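First comes the structure, then the notes that go with it.
So you know, we letter chains A, B, ... as the sequences are listed, proteins then strands, and number each from 1. What you see is a predicted model; the values in this text were computed from it and never measured.
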Amino acid sequence: MSAALKTQAQIRIALAAAVEAAAEKHGWDIHTIPNVELEVPREKAHGDFATNLAMQLAGQAKMAPRAVAEAVLQHLDAAGTHIEHAEVAGPGFINLRLANDWLHDVVKDIAQQGPDYGKSNFGDNKRVMLEFVSANPVGPMNVVNARAAAVGDTLSNIMDAAGYDVSREYYVNDAGRQAHLFGLSLLARYKELAQVEYEFPEDGYPAPYVKELAQIMRQEAPDLLEKPQQEQEAFCKRWGTDRIVEQQKADLAAFGVEFDVWFRERDLHAGQKLEKVIEYLKDQGLLYEQDGATWFVSTKFDDDKDRVVVKSDGVPTYITADMAYHLDKYQRGFEHLINIWGPDHHGYIGRMQAAVQALGYKAGSLEIIILQLVNLLRRGERVRMSKRAGEFVSMTELMEEVGKDAARYFFLMRAPDSHLDFDLGLAAEESQENPVYYIQYAHARICSILRQADSDSVQCPSIEDAALHLLQAEAELDLIKKLSELPGEIVSAAERRGPHHIARYAHELASSFHSFYTHCRVLGEEEALQGARLVLLKAVAQVLQNSLRLLGIAAPERM
RNA sequence: GCGCCUGUAGCUCAGGGGAUAGAGCAUCGGACUUCUAAUCCGAGAGUCGCAGGUUCGAUUCCUGCCAGGCGCGCCA
């Protein structure tokens, strides 16, 4: 456990004991002892930590909040907590100021834990699957897919660091209507190139990339047209979607996103999984026939209306495959499922939650995160996107235009449920308006000092030998406090499913460092102080790296 | 019509029952003979959409309304 979390834990224990002692003395009738919440006050004058527990207890104790706080403080045993000063303030807060030595422990912690600093076992190794992106394998990915990739990947990183056993999965929808139409479109282009009479499918994919694929396919399968029609169609669907999936894999890898599993819908069909789900639901009495179709009584589980699982033409609907897929997820041993969906799928949540319950799992075990839309702007002007007109900014184009680091940061700096304005010009610009450079620059600056020290043959002391107690300047203490916050930030970002907390944290840390940089000199200071500051610099670089790694953003040594 | 998301500084957004509501950008004023000025320091800027309710306390929770976005298929 990190020094910061350990210190906080000790403080909580001491406060809880004080509450108990005070309760006995004053005869408080306390049924529920509130969890001792420590917060870092906004105002520096309010100390290092504050708790509102006296205000929470006031009702049960039948005493004024400030009086409760006083009583608690009278019984507080500060041994082992680093607490230097405690006082009652405002409406009944208990403000705690700590001795600076706890911060020096933080620096030691970072030196010892290195890349692991910030990790915790909060998640208790719970097996969690995050399914995200899952774009249809019929064409290039769009900017919402890109946002999903950045958010899903970073949330996975964060939950992993918070002690969950995380698996990333991509569901390849290669067996549905879209895939079928895509296959037909590909076949039509193939025939067109072979100068054979063809018919382009209604609702097909007319975009140029289909024709390009058809050209490649002609070389790989020159005698395709000699096969029966049904085989031609099946081949095109399989070959085409496989091809697109390979492209998606490559594009996502370039975006820094790698999945543990690419799950094919067609494997569900091949394994008779849809039939099995339908049979199961039938056995549970959750199906009925109407108008020639088979319906699932999802209203029994709070859905708005019942849903068709098998259409009157005998073809199962999308949700049938999705039920089979989610059953498979549970059967693979995942305790908690998180799906990240685009805003156009929110209407689908109710039926999916119903499905999960029908399959015998708890409603809360499936969690849906809905990402909101991305508005693309160029110099403040909205970029109109229309798939039909072919005016469409793909994930790849986005990356080419702004680069991986800026793209990821822009997607990660906002809460997932917030509509996102993404200014292409701003993201691509290497200017002070662009926050990603601000963070990276902090890291590059540190590396620059370390390089300078190296070439001046200045020795950086070991963590044991460093005179950390010399780090007393306000800018130094503020910086170390910021360093101490990473483990807690990771836990809270994991709990709240909020990758943007880490993006903000990285920015705040960079800000603390830049301030330190202008207020404190490193090289040329008296030797012991210089050594302590060099150790501090290394710790800051480490924490910047750890934060940026969670975000999937590079920590450059030079800029 | 119903459902979901959003409404906080000029702009883009954090925050989330409690202390004087924060950050970046923009604006204005300062700071490089010294480790990268892609930086720092300071100033101004807010009826937290509106109206009720719950509470000792609401910007935060509840209800209604208004505005913007997105959905509402035997498509996926």
A/Arg238 side chain to A/Cys236 main-chain N or O, any donor-acceptor pair under 3.5 Å? no

Output yes when a side-chain donor or acceptor of A/Thr154 lies under 3.5 Å from a complementary backbone atom of A/Val151, and no otherwise. no

[X] side chain: which of [options] is closest?
{"X": "A/Arg496", "options": "B/A14, B/C35, B/G16", "value": "B/G16"}
{"X": "A/Tyr318", "options": "B/A76, B/U34, B/C40", "value": "B/A76"}
{"X": "A/Ile449", "options": "B/A14, B/A38, B/C35", "value": "B/C35"}
{"X": "A/Trp295", "options": "B/A14, B/C74, B/C70", "value": "B/C74"}
{"X": "A/Lys305", "options": "B/G73, B/C35, B/C75", "value": "B/G73"}
{"X": "A/Arg445", "options": "B/A37, B/G18, B/A19", "value": "B/A37"}
{"X": "A/Ser515", "options": "B/A21, B/C40, B/A37", "value": "B/C40"}
{"X": "A/Arg177", "options": "B/A76, B/A19, B/G68", "value": "B/A76"}
{"X": "A/Val522", "options": "B/G16, B/A14, B/C35", "value": "B/C35"}
{"X": "A/Ala89", "options": "B/C5, B/A76, B/A19", "value": "B/A19"}

Pairwise [atom1] distance, [M] and [N] [rounded to whole Å]:
{"N": "B/C25", "M": "B/A38", "atom1": "P", "value": "14 Å"}
{"N": "B/G10", "M": "B/C56", "atom1": "P", "value": "35 Å"}
{"N": "B/U63", "M": "B/A19", "atom1": "C1'", "value": "29 Å"}
{"N": "B/C48", "M": "B/U39", "atom1": "P", "value": "32 Å"}
{"N": "B/U12", "M": "B/A26", "atom1": "C1'", "value": "11 Å"}
{"N": "B/C4", "M": "B/A21", "atom1": "C1'", "value": "28 Å"}
{"N": "B/A9", "M": "B/G15", "atom1": "P", "value": "15 Å"}

Paired stretches of RNA chain B - 3 or more consecutive Watson-Crick or G-U pairs, each distance under 3.5 Å: B:1-7 with B:66-72, B:10-13 with B:22-25, B:27-31 with B:39-43, B:49-53 with B:61-65

Output the rounded distance in Å from [atom1] ([X]) to [atom2] ([N]).
{"X": "A/Asp313", "N": "B/C75", "atom1": "CG", "atom2": "P", "result": "8 Å"}
{"X": "A/Arg351", "N": "B/A76", "atom1": "CZ", "atom2": "P", "result": "11 Å"}
{"X": "A/Arg266", "N": "B/A76", "atom1": "CZ", "atom2": "P", "result": "18 Å"}
{"X": "A/His419", "N": "B/C11", "atom1": "NE2", "atom2": "P", "result": "18 Å"}
{"X": "A/Ile319", "N": "B/C74", "atom1": "CD1", "atom2": "P", "result": "11 Å"}
{"X": "A/Asn52", "N": "B/G16", "atom1": "CG", "atom2": "P", "result": "14 Å"}
{"X": "A/His519", "N": "B/C35", "atom1": "NE2", "atom2": "P", "result": "17 Å"}
{"X": "A/His501", "N": "B/C13", "atom1": "NE2", "atom2": "C1'", "result": "12 Å"}

Contact class for [X] (heavy atom, under 4.0 Å): base, sugar-phosphate, or nothing?
{"X": "A/Cys520", "answer": "base"}
{"X": "A/His500", "answer": "sugar-phosphate"}
{"X": "A/Ser418", "answer": "sugar-phosphate"}
{"X": "A/Ala444", "answer": "base"}
{"X": "A/Ala50", "answer": "base"}
{"X": "A/Tyr438", "answer": "sugar-phosphate"}
{"X": "A/Asn95", "answer": "base"}
{"X": "A/Arg42", "answer": "sugar-phosphate"}
{"X": "A/Asp304", "answer": "nothing"}

Checking side-chain polar atoms at under 3.5 Å, does [X] have a donor or acceptor matched by the opposite partner on [Y]?
{"X": "A/Asn95", "Y": "A/Glu87", "answer": "no"}
{"X": "A/Gln247", "Y": "A/Tyr209", "answer": "no"}
{"X": "A/Asp405", "Y": "A/Gln440", "answer": "yes"}
{"X": "A/Ser298", "Y": "A/Asp303", "answer": "yes"}

In B/C25, glycosidic geometry as syn within 90° of 0 or anti otherwise: anti

Quick one: sort the A/Tyr171 and A/Phe263 rings into parallel, tilted or perpendicular, breaks at 30° and 60°. tilted

Mind checking whether A/Trp262 and A/Tyr170 have parallel, tilted or perpendicular rings, split at 30° and 60°? parallel

[N] base / [X] side chain donor-acceptor hit below 3.5 Å:
{"X": "A/His346", "N": "B/G3", "result": "yes"}
{"X": "A/Asp322", "N": "B/A76", "result": "no"}
{"X": "A/His514", "N": "B/C40", "result": "no"}
{"X": "A/Ser448", "N": "B/C35", "result": "no"}

Let me spell it out: for each of A/Pro91 and A/Gln372, pick the nucleotide of RNA chain B with the closest heavy atom. Which residue's pick is nearer the 5' end? A/Gln372

Let me spell it out: for each of A/Leu523 and A/Arg414, pick the nucleotide of RNA chain B with the closest heavy atom. Which residue's pick is nearer the 5' end? A/Arg414

Nearest atoms (heavy-atom pairs only) where A/Ile319 meets A/Arg351: CD1-CG, 3.3 Å

Under the salt bridge (Lys or Arg N to Asp or Glu O under 4.0 Å) rule, what do A/Lys282 and A/Glu279 come out as? Steps first, then yes or no, please. CA-CA 5 Å; A/Lys282 188 183 270 175; A/Glu279 207 169 306; over 6 Å; no

Are the ring of A/Phe93 and the six-membered base ring of B/A19 within the stacking cut-offs of under 5.5 Å and under 30°? yes

Decide, applying a 5.5 Å centre-distance limit and a 30° plane-angle limit (both strict), whether A/His46 stacks on B/A19. yes

Can you tell me which residue among A/His326, A/Glu367, A/Glu169 is in a side chain to side chain donor-acceptor pair (under 3.5 Å) with A/Asn339? A/His326

Is A/Glu489 salt-bridged to A/Arg504, going by a charged N under 4.0 Å from an acidic O? no

Exactly one of A/Leu544, A/Val540, A/Val543 clears side chain to side chain contact (heavy atoms under 4.5 Å, CB included) with A/His443, and that residue is A/Leu544

Find out whether the Lys NZ or Arg CZ of A/Arg445 is both under 6.0 angstrom from the six-membered ring centre of A/Phe513 and within 45° of the ring's axis. no

Are any protein N/O atoms closer than 3.5 Å to N/O atoms in nucleotides 27-29 of chain B? If there are, list each pair with its distance.
none

